[in-house]
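Counting starts at 1 for both ligands and their atoms, in listed order.
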Amino acid sequence: DSGLITLDPGYKNTGSTESAITFLDGEEGKLMYRGYPIEQLAEKSSFVEVMYLLLEGELPNETELARWKKTLNEYNFVHDRVGKILNAFPSEAHPMGVLATLTSALTAFNPKAVDPSKDADMYHAAARLIAKFDILAAWTYRKKYDLPLIEPSNDLGYVGNFYQMMFKKDDSFEVNQTIVDALDKLFILHADHEQNCSASAVRLVGSSHTGLFSSISAGISALWGPLHGGANQAVIEMLEMIKNDGGGMQKWIDKAKDKDDNFRLMGFGHRVYKNMDPRARIIKKAADDVLGQLGIEDEVLDLARTLEEVALKDEYFIERKLYPNVDFYSGIIYRALGIPKEMFTVMFALGRLPGWIAQWKEMRQTNQPIGRPRQIYTGHTLRDYVEMSDR
Ligand code: SDX
């Protein structure tokens, strides 16, 4: 090929697409969905409304929102044979692995929705997947604790229904609105983030025109990694380790700076944000509010605040512009809501689903070509086959 290949591992300086969905300003630490600042959406909107905004491009009016909620309710069930696949897993299976498998399995039970092409089909395919996804997410929790599955309900709203399917143990169960409101806000904050690793995985896999469910399953697998969405679980594990180690900070900060040591300060740093992640700012405040409202004292939250304070004064972090990201404080709220750390990344996936689908829809509707990068070859030059007797 005469064309010049520019090598860009990790695509640090590559724009993979044009997109009209989400805007990030890394220097200023700003985030907008379809032009609306995340601070206003977190304050004034709802997760179901933000789903519509990301997917359709505009805030819904009363009629559109009612129709969207009604459509979600129409698909609020999962084929019980998917439940049999769930049962085949051992209880210690990581919920993200279970979720990726069950999401891909939906293809077999929704053959018509596999590859929607027209707008109307996309609307229903998105509603179908979103309506089934919170059921699957709740199932991963029930599976982990060998609990019976709870029937989905159309009376509690999307987040309330999820919360009930996760936590209902008996008929005395009541939906705690403080918790549902906190989850709703967290899902809004996680809903999209332009071309991050998992959204890029969804776009790349989807660019071969495979189905929506399998493209999203690829995104779940990418999000699972501790360098991406899996960081929210790794942050709590790191903070618990620091607590058990006596709570000293400097030793861990120094360890994170040591190039020979692959220990990193989880929840710090970001490819785009060279300022505080605006979501981390909102989540940090929400952590205070939620723990206060629930009357919970959590030593790990105090450790997190101290770690942020000490790290942000450290030359290494200052010169590399390493700030807390979305994953640094989110686990502390999930913990306070009684959600186990193995479920934290499932919560991230549940929030991110509408963003992944919006990215997939835009990629298909703008007829993006199949993703197929080149390489710089560094292997052997041409050589002939060697018979076994000569090896
Ligand atoms: C998410 O992309 C997105 O938008 C993702 C996300 C989304 O909403 O989709 O925002 C969600 O994934 C948030 C990030 C969660 N991950 C973590 O918290 C894991 C810890 N963070 C790091 O692994 C890292 O900061 C990344 C993965 C987030 C970003 O990696 P980059 O952009 O490839 O940065 P890098 O590894 O090149 O780091 C630049 C420098 C290096 O030092 P030098 O080689 O220049 O001397 O900063 C150092 C790194 O060693 N560094 C860290 C560090 N993060 C970067 N050093 C210690 N601790 C860290 N956490």
Considering all protein heavy atoms, does one lie under 4.0 Å from atom 21 (N) of ligand 1? yes
Close-contact set for ligand 1 against A231 heavy atoms, below 4.0 Å: 15 (C), 16 (N), 17 (C), 18 (O)
Side-chain touch L86/L136, heavy atoms, less than 4.5 angstrom: no
For atom 13 (C) of ligand 1, is the nearest protein heavy atom under 4.0 Å away? yes
Hey, are D170 and S172 close enough side-chain-wise for a donor-acceptor pair under 3.5 Å? yes
With a 6.0 Å cut-off on ring centres, are H193 and Y273 close enough? yes
For K257, is there an ion pair with D254 - N to carboxylate O distance below 4.0 angstrom? yes
Classify the contact between R352 and ligand 1 as side chain, backbone, both or neither, using a heavy-atom distance cut-off of under 4.0 Å. side chain
Atom 15 (C) of ligand 1 has as its nearest protein heavy atom D327 OD2, 3.2 Å
Atom 2 (O) of ligand 1: the protein heavy-atom neighbour that sits closest, reported with distance to 0.1 Å: N196 CB, 3.5 Å
Atom 55 (C) of ligand 1: which of L322, T22, N262, V326 has the nearest heavy atom? L322
Distance alone, cut at 3.5 Å: any donor-acceptor contact between the side chains of E362 and S19? yes
Taking distance alone, with N or O pairs closer than 3.5 Å, would you say G267 contacts ligand 1? yes
Got a protein heavy atom sitting under 4.0 Å from atom 26 (C) of ligand 1? no
Using side-chain heavy atoms (C-beta onward) and a distance below 4.5 Å, is L265 in contact with M249? no
Does a donor on one side chain and an acceptor on the other come within less than 3.5 Å for D289 and Q293? no
Side chains of P354 and F47 in contact at under 4.5 Å (non-hydrogen atoms): yes
Is H190 close enough to touch ligand 1? Criterion: a residue heavy atom under 4.0 Å from a ligand atom. no
So between R264, Q195, M238, whose heavy atom ends up nearest atom 36 (O) of ligand 1? R264
Under 4.0 Å, heavy-atom basis, I'd like to know which part of F328 is in contact with ligand 1: side chain, backbone, both or neither. neither
Location of contacts on K12 toward ligand 1, heavy atoms closer than 4.0 Å: side chain
Suppose we measure from atom 8 (O) of ligand 1 to each protein heavy atom; which comes out shortest, and what is that distance? R279 NH1, 2.6 Å
Subset of ligand 1 atoms that lie under 4.0 Å from at least one heavy atom of R320: 40 (C), 42 (O), 43 (P), 45 (O), 46 (O), 47 (O), 48 (C)
Are any of the N/O atoms on F317, whether in the backbone or the side chain, positioned under 3.5 angstrom from an N/O atom of ligand 1? no
Could you tell me whether L265 and ligand 1 have an N or O pair separated by under 3.5 Å? yes
For K112, I'd like to know if atom NZ has over 12 heavy atoms of other residues, nucleotides or ligands within 6.0 Å. no
closest protein heavy atom to atom 44 (O) of ligand 1 is K259 CE, 3.6 Å
Report yes if some N/O of L227 lies less than 3.5 Å from some N/O of ligand 1; otherwise report no. yes
Centre-to-centre under 6.0 Å for F344 and F348, is that the case here? no
Enumerate the atoms of ligand 1 whose separation from the nearest heavy atom of R271 is less than 4.0 angstrom. 29 (C), 31 (P), 32 (O), 33 (O)
Taking the six-membered ring for Trp, are Y323 and F328 ring centroids under 6.0 Å apart? no
Ring geometry between F162 and F187 (parallel below 30°, tilted from 30 to 60°, perpendicular above 60°): perpendicular
Does K274 reach ligand 1 with a nitrogen or oxygen that is under 3.5 Å from one of the ligand's nitrogen or oxygen atoms? no
With respect to D277, determine whether any N or O atom, backbone or side chain, lies less than 3.5 Å from an N or O atom of ligand 1. no
Quick test of your reading of the model: are R305 and D302 salt-bridged, counting only N-O distances below 4.0 Å? yes
Parallel under 30°, tilted from 30 to 60°, perpendicular over 60°: which one fits the rings of F173 and Y163? tilted
of all protein heavy atoms, closest to atom 11 (C) of ligand 1 is H228 ND1, 3.7 Å
Looking only at protein heavy atoms, which one is nearest to atom 6 (C) of ligand 1, and how far off is it? H270 NE2, 3.7 Å
Relative to the ring of F263, is the ring of W252 parallel (under 30°), tilted (30 to 60°) or perpendicular (over 60°)? tilted
Take every heavy atom of Y316, measure it against each atom of ligand 1, and state whether any distance is under 4.0 Å. yes
Are Y11 and Q195 close enough that a side-chain donor and a side-chain acceptor fall under 3.5 Å? no
Only heavy atoms count here, so choose which of A256, G230, A222 is nearest to atom 57 (C) of ligand 1. A256
Ligand 1 to G269, heavy atom cutoff 4.0 Å, flagged ligand atoms 25 (O), 28 (C)
Please identify which atoms of ligand 1 are closer than 4.0 Å to at least one heavy atom of H193. 3 (C), 4 (O), 7 (C), 8 (O), 9 (O), 10 (O)
